[in-house]
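In what follows, chains are A, B, ... by sequence order, proteins preceding strands, each numbered from 1. Values reported hereafter were calculated over all heavy atoms of this structure, with side chains retained and with hydrogens, waters and symmetry mates removed.
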Number of protein chains: 2
Amino acid sequence: MNAQPLIRRLSRYVALTPDDERLVEEAARERVRRVGPREDVMREGERPRCLYLLVDGWGMRYKSLEDGRRQVLTFALPGDLCEQTALLLEHADHSLAAITPITVAEIAGPRLAELTTASPRLATALAWSDLCGHALQREWTVNLGQRTALERMAHLICELYYRLRAIGHTHGLAYELPATQAMLADATGISAVHVNRTLQELRAAELITLRGRHMTIHDLEALETAGLFNASYLHLDQSARSTSGQADVTPIPARSVATEP
Amino acid sequence: MNAQPLIRRLSRYVALTPDDERLVEEAARERVRRVGPREDVMREGERPRCLYLLVDGWGMRYKSLEDGRRQVLTFALPGDLCEQTALLLEHADHSLAAITPITVAEIAGPRLAELTTASPRLATALAWSDLCGHALQREWTVNLGQRTALERMAHLICELYYRLRAIGHTHGLAYELPATQAMLADATGISAVHVNRTLQELRAAELITLRGRHMTIHDLEALETAGLFNASYLHLDQSARSTSGQADVTPIPARSVATEP
DNA sequence: CGTGTTCTTGAAACTTGTCAAAGTTAGTGG
DNA sequence: CCACTAACTTTGACAAGTTTCAAGAACACG
């Protein structure tokens with residue numbers, strides 16, 4: 001039950017066997033935690049003791065500057081997992097906060113190692129999961145560096161649409177967007193006030209409707225154009241590829257680290 | 001010889017045995033390429049057929065927008081390696097260009113797999129290398145999203161200083177900076193003209209001198225403060241940590257992919 | 001000793017940020 | 001179920017930071 005979002009996600013990359021799925025389910029069932037909105041799941045500077053799998057709800061990864069400025073690195077959606085290498089760190093380099101009430105499964109390092117050594121398919125799938133996270137981070141770098149405020153917002157709205165659609169969280173062209181404008185501001189690197197104006201501009205252009213937490217896209221193609229958006233960086237259509245007899249996919253990771261010293 | 005920068009880099013994370021070093025050397029010697037300034041080593045959209053190891057010179061990873069805008073994702077320095085998972089991709093999601101004349105070693109997927117299966121130390125070291133790359137990308141996200149033009153430049157200058165110092169490419173507080181102001185602009189997300197003004201501001205504040213390609217930092221501490229810079233994200237001081245008997249560092253990766261289909 | 005790239009400068013326009021206050025929504029407790 | 005508070009959204013006016021355009025100066029290379 002709990003592991004469904006992750007299994008669904010991993011299956012996007014590699015065809016898993018029933019055994020694989022069982023392994024994932026066990027790992028995700030072991031320790032489950034609920035965290036309320038505005039609370040941190042994991043905090044910058046702390047020692048990472050496990051990998052967090054977001055089972056349900058919205059989260060956000062962020063880094064803070066000493067003077068209080070804050071940058072959202074990415075929004076975390078159901079099925080999202082920390083990058084595996086994070087376990088190597090002595091101190092986490094960013095925080096993960098809950099936006100809505102969320103459910104997270106904690107996957108300990110040794111447990112993760114088990115998965116990847118037991119199944120090369122899982123190892124590959126997890127590598128894919130990491131890869132997608134990094135591709136996303138690169139695209140955000142571009143978004144922040146090159147796009148105007150309007151383009152950034154349009155781009156973000158498109159990204160969230162595609163990511164949510166991939167996990168069945170859209171209704172037609174609509175989805176629930178629990179992030180506040182202040183959070184959108186921290187994600188796009190523009191001020192909260194300007195986020196507000198930018199959203200109004202998108203409304204005026206009849207590209208979207210946003211009332212309360214309800215986002216509706218009216219013209220996806222136009223919105224993508226406005227945001228210079230191209231979904232390929234999300235790698236949502238990998239599905240089949242890895243299924244066929246891929247020759248020498250070496251085991252892959254199993255990046256656990258010493259357990260508590 | 002060729003592999004020195006990478007060996008040096010990997011040794012920062014994990015103590016390697018002579019055997020490990022030999023393996024790395026062999027892998028890096030196999031195919032070596034020289035690329036001239038302004039040429040691409042690898043281009044967005046192409047199928048990645050190997051991992052590139054920058055042996056000598058400066059490069060930059062970048063993504064382009066359809067309308068010609070360009071964002072530098074990071075500067076590549078000697079010893080830098082592509083992330084291992086990049087081999088999974090059908091199409092590279094960014095390009096790598098030479099800034100100076102450079103030497104790159106091409107490491108094929110199977111070769112990489114060999115390294116990681118043969119030596120758990122190498123596997124861990126390579127995982128660390130990936131991790132550092134991602135941590136750097138996250139920090140750039142913050143840089144672009146939250147810092148002012150002056151802060152971004154200061155931050156970038158500090159970052160380059162520390163990275164170059166780690167590979168012995170600094171002379172006291174000075175280093176050669178082959179990137180043009182236009183490249184710095186694409187890296188910091190500000191216009192080339194404003195980069196120029198910003199550099200002058202840093203000069204006026206007596207924080208740096210930049211004549212031709214020669215960068216000198218006059219007051220590193222003040223520069224770090226100006227850029228809200230904190231070197232910890234670079235993970236330059238991992239050295240010792242992994243040396244001691246780390247219990248259960250599971251093998252780790254070996255992320256190769258099907259060789260040419 | 002050109003010729004093309006890179007750096008520098010100034011002035012004007014524009015995007016975005018800041019401040020402050022009012023309006024709205026949502027959640028909590030009486 | 002309403003009242004009340006706190007959080008969030010919206011607005012306006014203004015300030016500031018940054019971009020753009022255009023042109024000249026300084027380099028660097030063949």
Side-chain angles (χ1 to χ4, degrees), chain A residues 36-39 58 60 65 67-72 97-101 143-154 156 176-205 208-215 226, chain B residues 36-39 58 60 65 67-72 97-101 143-154 176-205 208-215 226-227:
Chain A
R38 287 156 189 293
E39 279 179 59
W58 278 54
M60 61 184 196
L65 260 42
D67 67 356
R69 278 178 276 179
R70 190 176 66 161
Q71 176 64 40
V72 172
I99 293 178
T100 65
N143 205 30
L144 290 164
Q146 297 302 317
R147 289 186 252 257
T148 65
L150 190 86
E151 291 165 349
R152 289 184 213 178
M153 274 306 311
L156 177 57
E176 299 309 310
L177 192 161
T180 66
Q181 293 186 359
M183 292 170 191
L184 296 176
D186 289 341
T188 51
I190 59 192
S191 69
V193 171
H194 201 58
V195 162
N196 187 285
R197 292 193 234 271
T198 303
L199 286 171
Q200 290 180 51
E201 220 181 311
L202 288 171
R203 282 191 272 241
I208 64 163
T209 294
L210 176 58
R211 286 181 61 82
R213 312 269 92 131
H214 196 69
M215 165 73 74
Chain B
R38 286 157 189 291
E39 279 179 60
W58 278 53
M60 61 183 193
L65 260 41
D67 67 357
R69 277 177 277 178
R70 191 175 65 160
Q71 176 65 41
V72 172
I99 293 177
T100 64
N143 205 29
L144 290 164
Q146 297 301 318
R147 289 188 252 256
T148 65
L150 189 87
E151 291 165 348
R152 288 183 213 179
M153 274 305 312
E176 298 309 309
L177 194 166
T180 66
Q181 292 186 1
M183 292 170 189
L184 296 176
D186 288 342
T188 52
I190 59 192
S191 68
V193 171
H194 201 57
V195 163
N196 185 285
R197 292 193 233 271
T198 304
L199 286 172
Q200 290 181 51
E201 220 180 311
L202 288 171
R203 283 191 271 240
I208 63 164
T209 294
L210 175 59
R211 287 181 61 84
R213 312 268 92 131
H214 196 70
M215 165 73 74

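Between the CG atom of B:Leu199 and the C1' atom of C:dC7 there is a distance of 10 Å, given to the nearest Å. Atom P of nucleotide D:dA22 and atom NE2 of B:His194 are separated by 20 Å, given to the nearest angstrom. For the pair B:Leu184 CG and C:dC7 P, the computed distance is 8 Å after rounding to whole Å. Between the P atom of D:dT19 and the CD atom of A:Glu151 lies a distance of 14 Å, rounded to the nearest Å. What separates CD of B:Glu201 from P of D:dA16 is a distance of 15 Å, to the nearest Å. Between B:Arg147 atom CZ and C:dG17 atom P the separation is 16 Å, expressed in whole Å. A straight line from CG of B:Leu177 to P of C:dC7 spans 10 Å, rounded to a whole angstrom.
Contact record, B:Thr100 with B:Trp58: OG1-N, 2.9 Å, taken as the closest heavy-atom pair. Taking every heavy atom of both residues into account, B:Gly36 and B:Ala98 meet most closely at O-CB, 3.3 Å.
One N or O on the side chain of A:Arg152 and one on the backbone of A:Arg147 form a donor-acceptor pair closer than 3.5 Å. Between the side chain of A:Gln71 and the backbone N or O of A:Ala187 there is at least one donor-acceptor pair closer than 3.5 Å. No donor-acceptor distance shorter than 3.5 angstrom exists from the side chain of A:Gln146 to the backbone of B:Gly189, with no hydrogens or angles considered.
Side-chain proximity of B:Asn196 to C:dC7, D:dT10, D:dT20: nearest is C:dC7. Among D:dT10, D:dC21, D:dT19, the nucleotide with an atom closest to any side-chain atom of A:Gln200 is D:dT10. Closest to the A:Gln181 side chain, of the nucleotides D:dT10, C:dG17, D:dA22, is D:dT10. Closest to the side chain of B:Arg197, from the set C:dC7, D:dT11, C:dT9, is C:dT9.
Not a single donor-acceptor pair, N or O on each side, falls under 3.5 Å between the base of C:dT8 and the side chain of B:Arg203.
As judged by a 4.0 angstrom heavy-atom cut-off over every strand, A:Arg213 is placed among residues touching the sugar-phosphate backbone only.
When the side-chain nitrogen and oxygen atoms of A:Arg211 are compared with OP1 and OP2 of D:dT10, none of them lie within a distance under 4.0 Å.
The 5' end of DNA chain C is approached more closely, in terms of each residue's nearest nucleotide, by B:Thr180 than by the other of A:Ala149 and B:Thr180. The residue among A:Ile190 and B:Met183 whose nearest nucleotide of DNA chain C lies closer to the 5′ end is B:Met183.
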